[in-house]
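Numbered from 1 within each chain, the chains take letters A, B, ... in sequence-line order. Keep in mind it's a predicted model, so treat the numbers as computed, not measured.
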2 protein chains.
Amino acid sequence: MTTRRFPTQEELRIWRDFIETGEKVRTEMAARLQKDGLSTGDYTVLLALSEAPGQRLRSSELATTVGWERSRLSHHLGRMEKRGLIRREECLTDNRGAEAVLAPAGLELFQQVNRPHLRDIREIFVDALTPAQLQAAGEIMAALREHLARE
Amino acid sequence: MTTRRFPTQEELRIWRDFIETGEKVRTEMAARLQKDGLSTGDYTVLLALSEAPGQRLRSSELATTVGWERSRLSHHLGRMEKRGLIRREECLTDNRGAEAVLAPAGLELFQQVNRPHLRDIREIFVDALTPAQLQAAGEIMAALREHLARE
DNA sequence: CGGGCATAATTGACACGTCAATCAGCTTGG
DNA sequence: CCAAGCTGATTGACGTGTCAATTATGCCCG
């Protein structure tokens, strides 16, 4: 069987659904977090730091942990530092390096926001799907990711 | 049975997978389109206009067609107009109104990019999934969307 | 040792998205 | 008819993301 060159109408519809629904879900979650003064990026960084030993991480480790490009992280840390959520320290073992450290204000805000955020995940995502759909979603995401990685 | 307040570890893992994988897929597609000089937003607008009668649409219709907020569309059309991909015309039946019209350069670029883009959808998305997964993906997106709408 | 390359991180320029404010023109009820 | 309010669209400010260039340091090999 030859590989079809183009997607069918139905495949296209699902692709667009995938993109648009993903956008809507992210937007909704971003709006909810925003009410507590955090962007999704802020939350991601605070979560990673709060789980790190000493609540600090090298910039590059943090970047791979959250799956961001270096420069994106650098810009984001700059904004978070300005707001007092984190601070930066020099790395003792590598003078090129920098460490991001969770600041008290950042920790407090994170703790304040975390439970409501988890509830929102349940409300927006988990409660929308049957257990079978949830599992299928996990498998689909894994398949997409794997496929992307091998290109 | 009482509703659990927080997601389980597994549910949380799937949520994060959903967000991160979606981001990776969109980023990959955006990078491919970018090689031809289009953002995903550009493509969305060009597609909608190219399918519209007279290749023109009122701003507000265009906004609902692509599912964007007005101001987002307005900014985007401004950028596309500057590049000569579209132009704006006044609306005859409503003096407040504006119409976006596909410009020749926009049509040409869209036609040039469309087939490669469709191939990319197949490569990145359709080919990564089994037919069953694809169908499941469609159902999952529908469920999420429906759930969001009824909040 | 030291020149050249790799790596850590930042920066600047620019595209993008959201929010709140604004402006102009339509519409309607007293 | 006209003031009040609604609607279509734009704007400015700001946070965010990407790309390319830059800075500074580490490291390796000749």
Side-chain angles (χ1 to χ4, degrees), chain A residues 19-20 22-45 57-83 85-101, chain B residues 19-20 22-45 57-83 85-101:
Chain A
I19 294 298
E20 283 172 28
E23 187 169 327
K24 292 226 185 304
V25 168
R26 273 176 297 112
T27 301
E28 173 67 21
M29 184 56 87
R32 293 190 183 205
L33 269 175
Q34 202 59 57
K35 283 182 193 154
D36 292 314
L38 282 187
S39 69
T40 57
D42 296 335
Y43 180 84
T44 304
V45 168
L57 277 175
R58 281 288 293 271
S59 273
S60 49
E61 292 174 46
L62 182 49
T64 63
T65 299
V66 301
W68 289 0
E69 291 186 6
R70 288 166 171 297
S71 93
R72 176 180 176 184
L73 180 63
S74 196
H75 283 299
H76 207 99
L77 289 182
R79 292 187 293 263
M80 291 181 74
E81 189 173 29
K82 208 176 297 178
R83 292 191 287 150
L85 301 179
I86 61 142
R87 56 177 208 283
R88 277 150 148 153
E89 289 184 5
E90 292 179 0
C91 179
L92 299 178
T93 64
D94 185 339
N95 284 326
R96 294 166 303 182
E99 282 188 331
V101 188
Chain B
I19 293 298
E20 282 172 29
E23 187 171 325
K24 292 227 185 304
V25 168
R26 275 176 296 111
T27 301
E28 173 67 21
M29 184 57 87
R32 292 190 184 203
L33 270 174
Q34 202 57 59
K35 282 183 193 154
D36 292 313
L38 282 186
S39 69
T40 58
D42 296 334
Y43 180 84
T44 303
V45 169
L57 277 175
R58 283 287 293 271
S59 273
S60 48
E61 293 175 45
L62 182 49
T64 62
T65 300
V66 302
W68 289 359
E69 291 186 7
R70 289 170 169 297
S71 91
R72 176 179 176 184
L73 180 62
S74 195
H75 283 298
H76 207 99
L77 289 181
R79 291 187 294 262
M80 291 180 76
E81 190 174 28
K82 207 177 296 178
R83 290 191 286 151
L85 300 179
I86 62 143
R87 56 177 206 283
R88 276 149 149 154
E89 288 183 6
E90 292 177 1
C91 178
L92 299 177
T93 65
D94 186 337
N95 284 326
R96 292 167 303 182
E99 282 187 329
V101 189

Trainee: Rounded to the Å, how far apart are L62(A) CG and dA8(C) C1'?
Mentor: 13 Å

Trainee: What does nucleotides 15-24 of chain C look like as a protein-contact string, B for base, S for sugar-phosphate only, - for none, at under 4.0 angstrom between heavy atoms?
Mentor: SBSBBB---B

Trainee: Take atom CD of E90(A) and atom P of dT23(D), then tell me their distance rounded to the nearest Å.
Mentor: 19 Å

Trainee: Determine whether a donor-acceptor pair (N or O, by modelled atom type, separation under 3.5 Å) exists between the side chain of E89(A) and the backbone of V101(A).
Mentor: no

Trainee: How would you label the contact of R88(B) with the nucleic acid (heavy atoms, under 4.0 Å): base, sugar-phosphate, or nothing?
Mentor: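 If one applies the 4.0 Å heavy-atom cut-off, R88(B) turns out to touch the sugar-phosphate alone, with no base involved.
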
Trainee: Donor-acceptor pair, T65(B) side chain versus E61(B) backbone, under 3.5 Å?
Mentor: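 Looks like yes, one N/O pair under 3.5 Å.
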
Trainee: L92(B) has an atom CG; how far is it from atom C1' of dG25(C), in whole Å?
Mentor: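 Value for this atom pair: 15 Å.
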
Trainee: For L77(B) and dG8(D), what is the distance between atoms CG and P respectively, to the nearest whole Å?
Mentor: 16 Å

Trainee: In whole Å, what is the span from the CG atom of D94(B) to the C1' atom of dA9(D)?
Mentor: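 Nearest whole value for this atom pair: 10 Å.
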
Trainee: Within the distance-only criterion (no hydrogens, no angle test), does the side chain of T27(A) pair as donor or acceptor with the backbone N or O of E23(A) below 3.5 angstrom?
Mentor: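 At least one qualifying donor-acceptor pair exists.
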
Trainee: Rounded to the nearest angstrom, tell me the gap between atom NZ in K82(A) and atom P in dT16(D).
Mentor: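 Distance, rounded to whole Å: 11 Å.
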
Trainee: Say you draw a straight line from CZ of R88(B) to CE of M80(B); how long is it, rounded to the nearest 0.5 Å?
Mentor: 10.5 Å

Trainee: Are any non-hydrogen side-chain atoms of L62(B) and L77(B) less than 4.5 angstrom apart?
Mentor: yes

Trainee: Once you round it to whole Å, what is the distance between C1' of dT23(D) and CZ of R70(A)?
Mentor: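 The answer, rounded to whole Å, is 14 Å.
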
Trainee: Once you apply a heavy-atom cut-off of 4.0 Å, does S60(B) come out as touching a base, just sugar-phosphate, or nothing?
Mentor: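 It contacts sugar-phosphate atoms only.
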
Trainee: Within the 4.5 Å heavy-atom criterion, are H76(A) and D42(A) side-chain neighbours or not?
Mentor: yes

Trainee: Grab the CD-C1' distance between E61(B) and dT7(D) for me, whole Å please.
Mentor: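 Taking CD of E61(B) and C1' of dT7(D), I get 14 Å after rounding.
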
